[in-house]
Amino acid sequence: MKQDRSLDAYKSIQEEKKTPRADRKLRIGFIGTGGIAHAHIRAYLHMPDVEIVAGCDIVPGRAAAFFKEFGLEGVRCDYKDHTEMLADPSLALDAVSICTYNRQHAPCAIAALKAGLHVLLEKPFTVTLDEAIEVMRAEKESGKILSIGFQPRFDENMKMIRKIVQSGELGKVYYVQTGGGRRRGIPANPAKTSFIEDETAGVGALGDIGCYSLDLVLHALGDPKPLTVSGYVSNYFGKDPGYVAYRGHGELADKFGVDDFGAGFIRLEGDVMLDFRISWAMNMDTPGDTIILGTKGGLRIPSTDCWNGTVGGPMKIYHEVDGQQTETVVPIINQPVNLWDAKIRSFLDAIIEGGSSPVPSTQIIYNQAIIDGIVRSATIGKEIEIEIPEI
Amino acid sequence: MNIDTPGDTIILGTKGGLRIPSTDCWNGSVGGPMKIYHEVCGLQTETVVPIINDHGPSLFDRKIRSFLDACKNGTPAPVPSSQIIYNQAILDGIAKSAKVGREVEIVIPEI
Ligand SMILES: NC(=O)c1ccc[n+]([C@@H]2O[C@H](COP(=O)([O-])OP(=O)(O)OC[C@H]3O[C@@H](n4cnc5c(N)ncnc54)[C@H](O)[C@@H]3O)[C@@H](O)[C@H]2O)c1
């Protein structure tokens, strides 16, 4: 971690504003046209230098209905899956947004990179660490941009957390507590089970919302490598047919094949301990605020109802002024930024300028390693070591 | 540390969750009313467990009295080593684990 760096160093990051180049339109395709594809397409439609040319979904008719919803009748979408779409040279695609459920992140990302396309991949990166490594190998071979869909990275309050830590304001950070989640909030109903079935989701609360809390603190700390993980997962609510939010649809409990609660104790490079817990359902309002303890100051970030990559209220720095214990309130920055536009724009700009990935796999691999480590450690009931091979 | 508290004590169960408010220094006293988070007929409810105002002898008097009574009457230790050994094992384990930078297993021999 860089200590004692002036906050001024970050002003430039905030100010960068790019004008889209409309001389050539980037040709965009969609893999998966379910829920979150809607947020992607709305943002693309705000971009003057984009042409949405194709899309596919393994559910017949879903892609056609999706594009019709946005009045885009000319988009090619008569493909049975991503393989067929990627094999169509007439599309001349530049890039794809991958909006499939978690289990279909790695196969689609690898296929798209191998087809020579830039990839915006939804979070979580993948389900397992091995899959993420395979995606990174394909990324390296292709030389294309791979950006992972963490839109909170573009939130000014999130950036402020990173600035506070990186400025040295807290001194040497040694302990971090993060996470949160919901009291009753398993994302499932009879019409949508892709978040709770093992075959589609592969990982539950950990991957759905846990990845956000992890990204918040990891990125603030300068993306340190996780070394060991002691993890725990459970599914008491998801597997309960009487779970109140199933509203009588007890069959959802049979389909439930992932975690509804996860926790981990993670040693990070640089002698930092990370204490993390995340919940889709628990008998509690919140497991507590995110706190970052340093030798010079401590930061408290209030937990929100659902920890989803937003800062719920003013933060506080606990520190000494002239030997006196003081608390400094860091007010919420009211930002006009549309996070989805910023996420899509950053991806497009990286393509146009041949720049580096805005949310690179080299950072998010650590997020994935922790999620994977928690699941593996929980399975064997012991701490595991994290090994990431040279890619 | 540079923070007021690292958080309340929470105990999560399948039927309910208990929140015990953290005090300034967690020293064996309950700082305020506790709360149980649970469902009543499918509704999310919070039940406040009020602080019990205890007007009896001081905790130290009770600690000494219970010890004396056990000595006099030949009854079991009021706070037995067979329980506190686990407490000690955790403290010892934290120190050892922090030193070696990985998890340690706790082995307590038959006594
Ligand atoms: N960034 C965010 O804020 C955010 C929010 C919600 C979801 N997500 C992520 O987006 C992903 C999708 O979530 P969702 O709510 O849209 O799920 P969803 O189930 O509604 O949509 C996924 C779609 O992908 C299709 N699909 C699966 N495999 C395919 C393949 N090989 N080729 C073509 N189509 C395929 C499915 O048929 C489905 O229509 C998840 O990984 C989730 O974590 C991100």
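Note that the coordinates shown come from a computational prediction; the quantities given were computed from them, not determined experimentally. Convention: sequence-line order gives letters A, B, ...; per-chain numbering from 1. Keep in mind that the numbers below use all heavy atoms, side chains included, and drop hydrogens, waters and symmetry copies.
Using a 4.5 Å cut-off between heavy atoms, Ser97(B) contacts chain A through both its backbone and its side chain. For Phe265(A), no part lies near chain B; criterion is any non-hydrogen pair under 4.5 Å. If you measure heavy-atom distances from Tyr175(A) to chain B, you find no contacts under 4.5 Å at all. Heavy atoms of Ser279(A) lying under 4.5 Å from chain B are absent altogether. Contact annotation for Phe261(A): only side-chain heavy atoms (C-beta onward) come within less than 4.5 Å of a heavy atom of chain B. For Leu299(A), the part lying under 4.5 angstrom from a heavy atom of chain B is the backbone only. Of the atoms belonging to Arg267(A), it is side-chain heavy atoms, and not backbone ones, that fall under 4.5 Å from chain B. Of the atoms belonging to Ile3(B), heavy atoms from both backbone and side chain fall under 4.5 Å from chain A. Proximity to chain A is limited to the backbone of Lys15(B), based on heavy atoms less than 4.5 angstrom apart.
Between the side chain of Asp259(A) and the main chain of Ser234(A), no donor-acceptor pair closer than 3.5 Å is present. Side-chain atoms of Asp240(A) come within 3.5 Å of backbone N or O of Gly242(A) as a donor-acceptor pair. Between the side chain of Tyr236(A) and the main chain of Asp260(A), no donor-acceptor pair closer than 3.5 Å is present. Listed for the Glu383(A) side chain is a donor-acceptor partner under 3.5 Å among the backbone atoms of Glu103(B).
The pair Arg62(B)-Asp54(B) counts as a salt bridge, with a side-chain nitrogen and a carboxylate oxygen less than 4.0 angstrom apart. Between Asp4(B) and Arg300(A) there is a salt bridge, since at least one side-chain N of the basic residue sits less than 4.0 Å from a carboxylate O of the acidic one.
Looking only at atom types and distance, the side chain of Tyr37(B) has a donor-acceptor partner in the side chain of Asp285(A) under 3.5 Å away.
Considering only heavy-atom pairs separated by less than 4.5 Å from chain A, the leading option among Gln44(B), Lys35(B), Glu39(B) is Gln44(B). In terms of heavy-atom pairs under 4.5 angstrom with chain B, the leader among Lys382(A), Met282(A), Met273(A) is Lys382(A).
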Worksheet entry | Ser213(A) and Thr178(A): CA distance, side-chain angles, deciding distance, side-chain hydrogen bond (donor to acceptor under 3.5 Å, both in side chains) verdict | CA-CA 6 Å; Ser213(A) 344; Thr178(A) 195; 4.7 Å; no

